[in-house]
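See structure below.
The figures here come from the full heavy-atom set of this structure, side chains too, leaving out hydrogens, waters and symmetry mates. Indexing begins at 1, ligand by ligand and atom by atom, following the structure's order.
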Amino acid sequence: MESIATNIEAIREEIYAACTEAGRNPAEVRLIAVSKTQPASLVREAFDTGQTVFGESYVQEFLEKHDDPLLEQLPVEWHFIGHLQSNKIRSIIGKVALIHGIDKLSTAEELSKRAVQQNLHVDYLLEVNTSGETSKYGMQPNEVLLSADLLSTLPNITLRGLMTIASPDRVRAQEEFRQLRTLLESLKHNAPDPSKLTELSMGMSGDFREAIHEGATMIRVGTAIFGWR
Ligand SMILES: *Cc1c(COP(=O)(O)O)cnc(C)c1O
């Protein structure tokens with residue numbers, strides 16, 4: 001196992017190469033280090049190499065890491081990338097910069113209600129099921145378009161873009177990433193404020209190069225940084 005510093009360095013080089021190939025500016029692609037199941041000490045190790053954005057998937061684990069003495073004083077930017085149940089929303093808002101996996105209108109409504117109660121503003125992404133696999137979370141693409149008007153009326157929350165987890169097959173994954181980008185374009189077309197709809201969270205350790213080619217603005221990489229979970 002290489003060191004975390006070496007892994008991050010290698011990924012940054014790959015991001016750079018994929019951006020060059022795709023004619024994109026590497027500054028448009030943010031690397032989110034997915035630290036779920038990894039101890040605070042390894043998050044700290046990654047932070048010390050200059051990686052400041054981390055993604056967590058499980059509420060309890062996230063809260064423990066968020067408050068860990070090794071990390072709590074640091075300007076870590078936490079993203080919640082897991083499946084979020086409505087009853088857990090209250091405990092994480094205010095502690096995360098972005099929630100990636102809102103997959104139901106009712107969860108967005110609950111998010112808005114809690115944000116109003118706690119007098120906070122929350123940015124979120126909708127998770128889209130682009131692969132059609134029934135085992136996956138996420139809204140259907142047409143459901144996203146149909147919900148857009150209502151979502152834009154919810155106070156204290158702002159939809160910033162879309163997120164997906166693609167099929168394991170890379171060729172299919174690339175098609176799904178393209179589909180997500182097209183969906184974001186359609187959303188922007190009808191949005192009251194399209195300038196807010198900028199984010200495509202797509203691509204993981206096995207497929208972030210394809211995602212960058214299709215316009216990813218955030219890639220969520222765990223295994224390639226921290227090793228196997
Ligand atoms: C675990 C996880 C990742 C990271 O996956 P790797 O294959 O380890 O890079 C990315 N996104 C989500 C939503 C995850 O749950």
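In summary, R30 and E77 engage in a salt bridge, as defined by a charged side-chain N under 4.0 Å from a carboxylate O. With salt bridges taken as basic N to acidic carboxylate O contacts below 4.0 Å, none links E185 and R181.
Here E61 pairs with K65 under the salt bridge (Lys or Arg N to Asp or Glu O under 4.0 Å) rule; sequence neighbours left out.
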List, for ligand 1, each N/O atom that has a protein N/O partner under 3.5 Å away, with both atom names and the distance.
{"from": "ligand 1", "atom 1": "8 (O)", "to": "T223", "atom 2": "N", "distance (Å)": "2.8"}
{"from": "ligand 1", "atom 1": "8 (O)", "to": "T223", "atom 2": "OG1", "distance (Å)": "2.5"}
{"from": "ligand 1", "atom 1": "8 (O)", "to": "R229", "atom 2": "NH1", "distance (Å)": "2.9"}
{"from": "ligand 1", "atom 1": "8 (O)", "to": "R229", "atom 2": "NH2", "distance (Å)": "3.1"}
{"from": "ligand 1", "atom 1": "9 (O)", "to": "S205", "atom 2": "N", "distance (Å)": "3.0"}
{"from": "ligand 1", "atom 1": "9 (O)", "to": "S205", "atom 2": "OG", "distance (Å)": "2.5"}
{"from": "ligand 1", "atom 1": "9 (O)", "to": "G222", "atom 2": "N", "distance (Å)": "2.8"}
{"from": "ligand 1", "atom 1": "11 (N)", "to": "R220", "atom 2": "NE", "distance (Å)": "2.8"}
{"from": "ligand 1", "atom 1": "15 (O)", "to": "K36", "atom 2": "NZ", "distance (Å)": "2.6"}

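Note: F62 and F80 have perpendicular aromatic rings, judged against thresholds of 30 and 60 degrees for the angle between ring planes.
Residue Q140 is tested with V128, L146, N129, L145 for a side chain to side chain contact (heavy atoms under 4.5 Å, CB included); the sole match is N129.
For the residue pair Q51 and I8, the shortest heavy atom distance occurs at CB-CD1, 3.9 Å.
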